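Shown next, in structure tokens, is the structure this report addresses.
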Protein chains: 2
Amino acid sequence: MTANPYDEACAVDPALDVLFGKWKTSILYVLFHGTKRFSELQRNIPGITKKMLISHLRDLENQDIIQRVVYPSVPPRVDYSLTEAGQSLEPILELMHQWGKKHEEHLKRKRSSEAATLS
Amino acid sequence: MTANPYDEACAVDPALDVLFGKWKTSILYVLFHGTKRFSELQRNIPGITKKMLISHLRDLENQDIIQRVVYPSVPPRVDYSLTEAGQSLEPILELMHQWGKKHEEHLKRKRSSEAATLS
DNA sequence: CGGCATCCAAATGGATACTG
DNA sequence: CAGTATCCATTTGGATGCCG
């Protein structure tokens, strides 16, 4: 019995925290394609800096979305891959991706029709 | 033919922009329950300030996720409701909500089992 | 009641240089 | 190669007061 029927609204946050941040989804999208090294991630995400990449990788690792494996070689090699939990995010991301594409078109149509109606 | 197979990763962003921001999902969750006045939204989202509520409502309005209707009465009355596009987000939010709940439990189990294994 | 303006604090993002 | 550390810019969030 909660006093406020919308209290549950906050309950979506744990899921969103996983995806929030400027680069989280890009990282996940790259890792959906398989295990990647640090430098591969950096190459495949145009514009990301090492600092941002590391910090987002750490976040995702702490939430058990991705796994980090260090090979004690010289030069060092570190592999990142999705955990089971991370893989379970793929359908959701895919759904959002589809929605986003449709919505983009929708907005474009709507805005051009609005422009045509301007007095 | 894109040079980089991960270029499409960026394509998820339009969808995420809609949800990003500290309060967007809370607003949507309240509006899933039906049309609400400005003051009702403010009451039902504990901790939000007028400034944040307005700015997020404007964002959502600009993306045609919600609709704003002004009644020229005294005192003024403004109603916010979901557009069709906004309603189409409900299954996605619901999915994320479910995922978030499961993931929360998963993390809890994992962390307690890790604590038990400590040396 | 709904909303804008101002001012301020905190979080986030980024450039650069350095290290094992 | 895979990070750290430092410093700085931008963005975001928030408190408060005023207005039609």
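Just so we're clear, the structure is a prediction, and the values are computed from it rather than from any experiment. We name chains A, B, ... by the order of the sequence lines, and we start the count at 1 in each one.
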Any side-chain heavy atom of B:Arg68 sitting closer than 4.5 Å to one from B:Asp79? no
Go through the steps for A:Phe38 and A:Leu57 under the test side-chain contact (heavy atoms from CB on, under 4.5 Å), then give the verdict. CA-CA 9 Å; A:Phe38 182 86; A:Leu57 285 171; 4.0 Å; yes
Can you measure A:Glu61 atom CD to D:dG3 atom C1' for me and round it to whole angstrom units? 13 Å
Atom CG of A:Leu53 and atom C1' of D:dG3 are separated, to the nearest Å, by 10 Å
Between P of D:dT11 and CG of B:Asp59, the distance in whole Å: 14 Å
The contact string for nucleotides 1-10 of chain C, one letter per nucleotide 5' to 3', using protein heavy atoms under 4.0 Å with B, S and - for base, sugar-phosphate only and none, comes out as BBBS-BB---
Side chain proximity check, B:Glu40 to B:Tyr80, heavy atoms < 4.5 angstrom: no
Nearest-Å distance for atom pair NZ/P, residues A:Lys36 and D:dA2: 13 Å
A:Ile48 atom CD1 is separated from D:dA2 atom P, nearest whole Å, by 14 Å
Provide, to the nearest angstrom, the distance between the CE atom belonging to B:Met52 and the P atom belonging to D:dT16. 15 Å
Is there side-chain contact between B:His56 and B:Met52, with at least one heavy-atom pair below 4.5 Å? yes
With side chains defined as the heavy atoms from C-beta onward, is the minimum distance between B:Leu31 and B:Ile27 less than 4.5 Å? yes
Hey, are the side chains of B:Gln63 and A:His103 touching, using non-hydrogen atoms and a 4.5 Å cut-off? yes
A:His56 NE2 to C:dT12 P: how many Å, rounded? 9 Å
